[in-house]
Amino acid sequence: MILQPNEIRQVGSANARFLLIRRATKSLELSADRLAPTRIEQGDSVDIGEFDNLTISNPHDTAIEVDFQTSSLRLSTQNNNETTVSEIKAEIRAKINDDTPVNVNVEDSTPVNVQVTDQVLKTREQVNTGLMSPDWITLEPNTQKQLVTVNPNRKEVLIQNISENEASANLGDAAVNESKGLPVTGSRETPAGMVLNTSAAVFAFNTSDVPVTFAIAEIIA
């Protein structure tokens, strides 16, 4: 995305808590209803869960190139600009009968926080996670294609419309068509995306008269 001088863009989504600035040729300003303009730069990861009407703007007198990503999980960039997930919280439930002690065994000294509430044992465990980045997928006009398969280990899938020209598509299950699903309109110049917390298969239907291309990232526990 290219931000012209003093241009303002809305960011964030209903499911997003964190904003990652993957690439920025100069600093940006982040603003919201309850947040004064704050300077952010390439590589910054910001907790945006408490703010509404979040925007980024270009305070410079020249255009800047920006690539950002929103997620319900905290993301970070490595030196090679790859995105990694530092933590996924997994909940384990165990029924407690009478006063029987419950033992939680964790291998490799993995830190675990244990909480007992209403005879339910809840553990939040830090686990090794990974980010899978499949090849880009292109759909011809008025066609449907599966973007990701069922994966019970997937916590989240990030789908971004990066079409060469502005194009629209609907996302959903296998029944998605021109009048069913969640619409996503975007392009390489003005990408638009969606974060889905699902392990189910996701399909897309191209509702435009030009090809639509999706970039996909799956967060796996």
Side-chain angles (χ1 to χ4, degrees), residues 1-4 7-16 18-26 28 40 42-46 48 54-58 63-73 75-78 80-85 130-149 151 154-173 176-178 181-198 200-220:
M1 172 194 307
I2 297 179
L3 282 180
Q4 300 298 330
E7 183 178 359
I8 299 174
R9 289 289 182 90
Q10 188 104 14
V11 299
S13 68
N15 296 323
F18 296 99
L19 169 69
L20 171 66
I21 304 300
R22 294 173 54 86
R23 180 173 178 268
T25 52
K26 289 185 179 180
L28 307 167
I40 54 175
Q42 177 173 308
D44 285 349
S45 181
V46 184
I48 60 174
L54 197 72
T55 61
I56 57 173
S57 61
N58 176 7
I64 59 177
E65 296 182 14
V66 183
D67 183 10
F68 67 86
Q69 186 172 346
T70 58
S71 172
S72 61
L73 302 175
L75 306 177
S76 61
T77 55
Q78 304 292 344
N80 58 4
N81 207 33
E82 290 184 351
T83 305
T84 63
V85 182
L131 184 70
M132 295 178 57
S133 299
D135 292 338
W136 294 352
I137 296 178
T138 298
L139 287 75
E140 294 301 318
N142 300 311
T143 61
Q144 185 204 75
K145 186 174 290 187
Q146 183 170 311
L147 302 183
V148 295
T149 60
N151 186 343
R154 184 174 62 239
K155 298 300 180 182
E156 190 173 80
V157 57
L158 297 84
I159 302 173
Q160 193 167 50
N161 184 339
I162 56 166
S163 305
E164 183 174 353
N165 300 300
E166 184 172 274
S168 299
N170 292 339
L171 303 181
D173 59 14
V176 69
N177 57 31
E178 68 277 1
L182 301 171
V184 178
T185 302
S187 67
R188 193 78 55 84
E189 185 71 18
T190 56
M194 190 171 295
V195 179
L196 301 175
N197 299 310
T198 181
V202 179
F203 294 77
F205 187 94
N206 184 356
T207 59
S208 303
D209 56 3
V210 294
V212 60
T213 299
F214 287 105
I216 301 167
E218 297 182 75
I219 298 174
I220 308 298

Query raised in the report: At their closest point, which heavy atom of L139 faces which heavy atom of F214, and how far apart are they?
Result: CD1-CD1, 4.2 Å

Query raised in the report: Taking N170 for the side chain and N177 for the main chain, is one N or O donor matched with an acceptor at less than 3.5 Å?
Result: yes

**Report entry** T198 OG1 to N151 CG distance, which is reported to the nearest 0.5 Å
**Finding:** 10.5 Å

Query raised in the report: Between T55 and I8, is there a donor-acceptor pair closer than 3.5 Å when you use the side chain of the first and the backbone of the second?
Result: no

Report summary line: Here the pair of heavy atoms bringing V210 nearest to E166 is CG2-O, 3.8 Å

Query raised in the report: So, N58 side chain and Q4 main chain: donor-acceptor pair closer than 3.5 Å or not?
Result: yes

Query raised in the report: So I219 and L158, side-chain contact (heavy atoms from CB on, under 4.5 Å) or not? Walk me through it.
Result: CA-CA 8 Å; I219 298 174; L158 297 84; 3.8 Å; yes

Requested in this report: Applying side-chain contact (heavy atoms from CB on, under 4.5 Å), run through R9 and V66 and close with a yes or a no.
Outcome: CA-CA 11 Å; R9 289 289 182 90; V66 183; over 6 Å; no

Requested in this report: Just jot down the salt bridge (charged side-chain N to carboxylate O under 4.0 Å, His left out) partners of E164, sequence neighbours excluded, or say none.
Outcome: none

Query raised in the report: A24 and Q42: which non-hydrogen atoms are nearest, and at how many Å?
Result: N-OE1, 3.1 Å

Query raised in the report: What residues form a salt bridge (charged side-chain N to carboxylate O under 4.0 Å, His left out) with E65, not counting sequence neighbours?
Result: R23

Report task. Specify the closest pair of heavy atoms between I137 and Q146, including all atoms of both residues, with the distance to one decimal. Result -> CD1-O, 4.0 Å

Report summary line: With sequence neighbours left out, the residues meeting salt bridge (charged side-chain N to carboxylate O under 4.0 Å, His left out) with D173 are none

Query raised in the report: Under 3.5 Å, is there a donor-acceptor pair between the side chain of N161 and the main chain of A167?
Result: yes

Query - Q144 side chain to V176 backbone, donor-acceptor under 3.5 Å - result: yes

Report task. For the pair L28 and D44, evaluate side-chain contact (heavy atoms from CB on, under 4.5 Å) and give the outcome as yes or no after the intermediate values. Result -> CA-CA 11 Å; L28 307 167; D44 285 349; over 6 Å; no

Query raised in the report: Do S187 and N165 have side-chain heavy atoms sitting under 4.5 Å apart?
Result: no

**Report entry** Closest non-hydrogen atom pair, S208 against P141
**Finding:** O-CB, 3.2 Å

